[in-house]
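Below, all heavy atoms of this structure are taken into account, side chains as well, without hydrogens, waters or symmetry copies. For the single chain, residues carry numbers from 1 onward in sequence order.
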Amino acid sequence: MKSIGQKIRTLRKNKHLTQEQLAEALSVSSQSVSKWENQISTPDVALLPIIARYFGITMDELFNYRLDALSYKERFIRFMADNGVLRFGEFRLQSGRVTPYFLNTGEYRSGSQITKLGEFYAKAYFDKLGEKKAVLYGPAYKGISLSVSAAVALSKNGLNVPFFFNRKEVKDHGEGGTFVGYVPQAGEEIVIIEDVITAGTAIRESMEILSHLEGVKVAATFIMVDRKEKGQGDKGAMQEIEEQFGFPVYSIVDVYDIIEYLEEDEKNEENVQRIKNYLAINGAKA
């Protein structure tokens, strides 16, 4: 097994960084980086999460644990947790509900993080749609970076797909109009890339926007997390969307995967119970 210093050296070289560049990014001296890589010293424990986030990996990956023993879903949940995306507290959602947990996509702030996220989306895409070539749509604003990262990851795996997104404020000059990027043509299929589904409000808004494109069809929606909550009735929001618009909604993980992950550590007992209490009121009927 590689030492932490050897792992940092490999990650640095894979990003084509000098020791000086890495040191500047981490606000340490280049001598410190040199000592880590030569196994003379190790990074301060408080710096380890920062190093992991900088390279867009989990703490387990940084320590070179055998992640092949973990399921794909567990790796994704750890990725969200290690990057501060999965948060606990009290948060008011777009649906008006107050939830004990939140997925803050805005915490993906570096190239390495968004690259890793795109790889998860791409894997979900290949698992569900195979080599189908669709046009990726990212609803502004969060969906823009999500769709771009997914398109890049798909391209790296041999599937070159176009992408586009909408404007919040329509321009009447330059490259004006409702959409930016590739505009789907009649007969083409669209895949929506979103972060989460709670009550389905955002997807319905996207469908209203996309209705202005003639002759195109939405083939599927991919999201990070299905919260398994009620939509407009007692059914799950994903089920309602599928029934209303006639396309499947796929998630990388759902809230019950997150609960199962959290239950592995008794320190998460309070958060787990709060989520379960929330689902008892807002969860979709099975």
Side chains of [X] and [Y]: is there a donor and an acceptor less than 3.5 Å apart?
X: Gln273; Y: Glu269; value: no
X: Tyr54; Y: Gln113; value: no
X: Tyr261; Y: Asn268; value: no
X: Arg12; Y: Gln21; value: no
X: Ser32; Y: Ser29; value: yes
X: Thr178; Y: Asn166; value: no
X: Tyr182; Y: Glu188; value: yes

Atom [atom1] of residue position [X] - does it have more than 12 heavy atoms of other residues, nucleotides or ligands inside 6.0 Å?
X: Glu24; atom1: CD; result: no
X: Glu243; atom1: CD; result: yes
X: Glu264; atom1: CD; result: yes
X: Lys15; atom1: NZ; result: yes

For [X] and [Y], which heavy atoms make the closest approach, and how far apart are they?
X: Ile275; Y: Ile259; answer: CG2-CD1, 3.9 Å
X: His212; Y: Ile209; answer: ND1-O, 3.0 Å
X: Leu129; Y: Phe222; answer: CD1-CE1, 3.7 Å
X: Pro162; Y: Ala134; answer: CD-O, 3.9 Å
X: Phe79; Y: Leu117; answer: CZ-N, 3.9 Å
X: Ile77; Y: Asp257; answer: CD1-O, 3.5 Å

Rounded to the nearest 0.5 Å, what separates atom [atom1] in [X] from atom [atom2] in [Y]?
X: Lys116; Y: Phe55; atom1: NZ; atom2: CZ; answer: 13.0 Å
X: Leu93; Y: Asn282; atom1: CG; atom2: CG; answer: 9.0 Å
X: Arg53; Y: Ser110; atom1: CZ; atom2: OG; answer: 9.5 Å
X: Ser145; Y: Ile193; atom1: OG; atom2: CD1; answer: 11.5 Å
X: Gln244; Y: Ile203; atom1: CD; atom2: CD1; answer: 11.0 Å
X: Asp44; Y: Ile51; atom1: CG; atom2: CD1; answer: 9.5 Å

Taking the side chain from [X] and the backbone from [Y], do they hold a donor-acceptor pair closer than 3.5 Å?
X: Asp254; Y: Tyr256; answer: yes
X: Arg9; Y: Glu37; answer: yes
X: Glu240; Y: Gly233; answer: yes
X: Ser211; Y: Glu208; answer: yes
X: Ser147; Y: Gly143; answer: yes
X: Ser34; Y: Ser30; answer: no
X: Thr10; Y: Gln6; answer: yes
X: Asn38; Y: Ile40; answer: no

Apply side-chain contact (heavy atoms from CB on, under 4.5 Å) to the pair Phe165 and Leu146, showing each step before the final yes or no. CA-CA 11 Å; Phe165 50 91; Leu146 301 182; over 6 Å; no

Could you check whether any side-chain heavy atom of [X] comes within less than 4.5 Å of a side-chain heavy atom of [Y], counting everything from C-beta outward?
X: Phe76; Y: Met224; result: yes
X: Asp226; Y: Tyr250; result: no
X: Pro139; Y: Glu194; result: yes
X: Thr221; Y: Phe245; result: no
X: Asp195; Y: Ile223; result: no
X: Tyr141; Y: Thr105; result: no
X: Ile190; Y: Leu210; result: yes
X: Leu103; Y: Met80; result: yes

Full working for side-chain contact (heavy atoms from CB on, under 4.5 Å) between Glu131 and Phe126: CA-CA 7 Å; Glu131 298 292 327; Phe126 282 123; 3.7 Å; yes

Check this for me: does any side-chain nitrogen of one of [X] and [Y] sit under 4.0 Å from a carboxylate oxygen of the other?
X: Glu242; Y: Lys235; result: no
X: Glu263; Y: Lys276; result: yes
X: Lys133; Y: Glu189; result: no

For Arg109, all residues meeting side-chain hydrogen bond (donor to acceptor under 3.5 Å, both in side chains), sequence neighbours excluded: Glu107

Taking the ring centre of each residue, are Phe164 and Tyr137 less than 6.0 Å apart? yes

Verify whether the ring centers belonging to Phe88 and Tyr101 lie closer than 6.0 Å. no

Using the side-chain contact (heavy atoms from CB on, under 4.5 Å) rule, take Asn104 and Phe91 through it: C-alpha gap first, then chi angles, then the decisive distance, then the call. CA-CA 10 Å; Asn104 185 11; Phe91 309 93; over 6 Å; no

With hydrophobic residues grouped by side-chain heavy-atom distances under 4.5 Å, do Ile192 and Val183 end up in a single group? yes

Do the side chains of Ile258 and Ile281 join up, straight or via other hydrophobic residues, at under 4.5 Å, putting them in one cluster? no

Parallel, tilted or perpendicular: which describes the rings of Phe120 and Tyr72, with under 30° parallel and over 60° perpendicular? tilted

Would you please test Lys73 and Glu260 for salt bridge (Lys or Arg N to Asp or Glu O under 4.0 Å) and show each step? CA-CA 11 Å; Lys73 292 182 177 182; Glu260 184 177 352; over 6 Å; no

Test side-chain contact (heavy atoms from CB on, under 4.5 Å) on Arg97 and Lys230; report intermediate values, then the result. CA-CA 11 Å; Arg97 299 168 185 167; Lys230 298 175 184 177; 3.8 Å; yes

Name the one of Arg274, Arg227, Glu90 that satisfies side-chain hydrogen bond (donor to acceptor under 3.5 Å, both in side chains) with Thr99? Arg227

